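Each ligand, and each atom within it, is numbered from 1 in the order the structure gives. Since we're looking at a predicted model, the values are computed, not measured.
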Amino acid sequence: MTRKRHPAVFVGHEIYRQAAYGTLHPLAIPRVEAVVDLCTALGWFRPGEYRVSPRATEAELARFHDPAYVAALRDASHSGCVEREVRERHGIGTMENPLFPGVFERAATSVGGSIRAAGLAMEGRIAFHPAGGTHHGRPDRASGFCYFNDPAFALLALLDAGLERVVYIDLDAHHGDAVQDAFAADPRVHTISIHEAGRWPHTGAADDTGEGRALNLPVPRGFHDAELVLLMDDVVLPLGRRLRPEAVVLTCGGDALAGDPLAAMALSNAALWDAIERAAALAPAAVVLGGGGYNPWTLTRYWSGLWARLAGHAIPATLPENARAILARLACDLVDEEDMKPEWLTTVADAPDAAPVRPAVRKLRDEALARTGLSGVAA
Ligand SMILES: [Zn+2]
């Protein structure tokens, strides 16, 4: 059962409409702006539900990031070039983390949005910030398309507000490595990550418990709906309840969906919405962030429908013409035309998937139960 909670709030900014990441990068696709457009077309913003993200100041950024790195990204962003030494030290101006006009402002806005989302969550709102979820950003360097680490700032804002038990749950296809590492030594934070095994950054093995408060569930390729339900029902939610969190922060990258070009998981958006709603209901305060996601159709449908579910808007079975036009305008070099599914252009919710749970996922569940001492609880 989803607990009754205060109204949801969407944190966004027009800066995400600006061209970013150049032309050849997987993130050079419409993402947050397409979500805002689709939600607007469907009438999914009531008055007061959309909030404009502030931009984090350099002083705020220095709460987690090395000031030398913050200054280097600012200078490189504004000049458009970077010295080799700076590129090597801070990982910026590379194929992975390219420089583009406005990169500093964009990244600082995603941090400001996550800090604001945490504040709104503390007011009892469920705060959705799809531009957040840059879970690979390191204190002194960019990593995995992430310049800063906005989830870390959401967690810090909750801790600064006096919370002593916060749970971070990462449902992106990639391990939430930099968030786990950032809080590994902090007894107030537990991290849980479900991610595809064998993917970059090649961390987050099942036996990686950080300093004892991290749970990693590396899942096989083709991870699908019934398997997510199993891990949520038997491991993630029981552990979450045992921890009695005062707040949860969720990273909800869309690369865990079927059809993503950079991962091989096979979840439906509806299964993820259910999992997120149930995880968010673990605590009286919840921050829901975005993350990866490189198929603009599946991503836009996922995050738009997630907002509808969080805010209590009805999702139509088929989309009206004005909404279809938004999905029809999207484009992506990484998705072949023959792989396009017709329903990506006409619906928001994926059809349910009925594949049975595979033995490898049951084994992962059993090992996690043993590791967390939950066996008795789930039985
Ligand atoms: Zn990812």
Enter the distance from T318:OG1 to E343:CD here, rounded to the nearest 0.5 Å. 12.5 Å
Given ND1 of H174 on one side and OD1 of D172 on the other, what angle do they make at the Zn ion (ligand 1), to 10°? 110°
Are F10 and L42 grouped together when hydrophobic residues (ILVMFWY) are joined by side-chain heavy atoms under 4.5 angstrom apart? yes
Looking at D255, pick out the N, O or S atom nearest to the Zn ion (ligand 1) and give its name. OD2
Taking N, O or S atoms only and a limit of 2.8 Å, check whether H195 reaches the Zn ion (ligand 1). no
So, Y168 versus F183, ring centres under 6.0 angstrom or not? no
Ring centres of H65 and F153 under 6.0 Å apart? yes
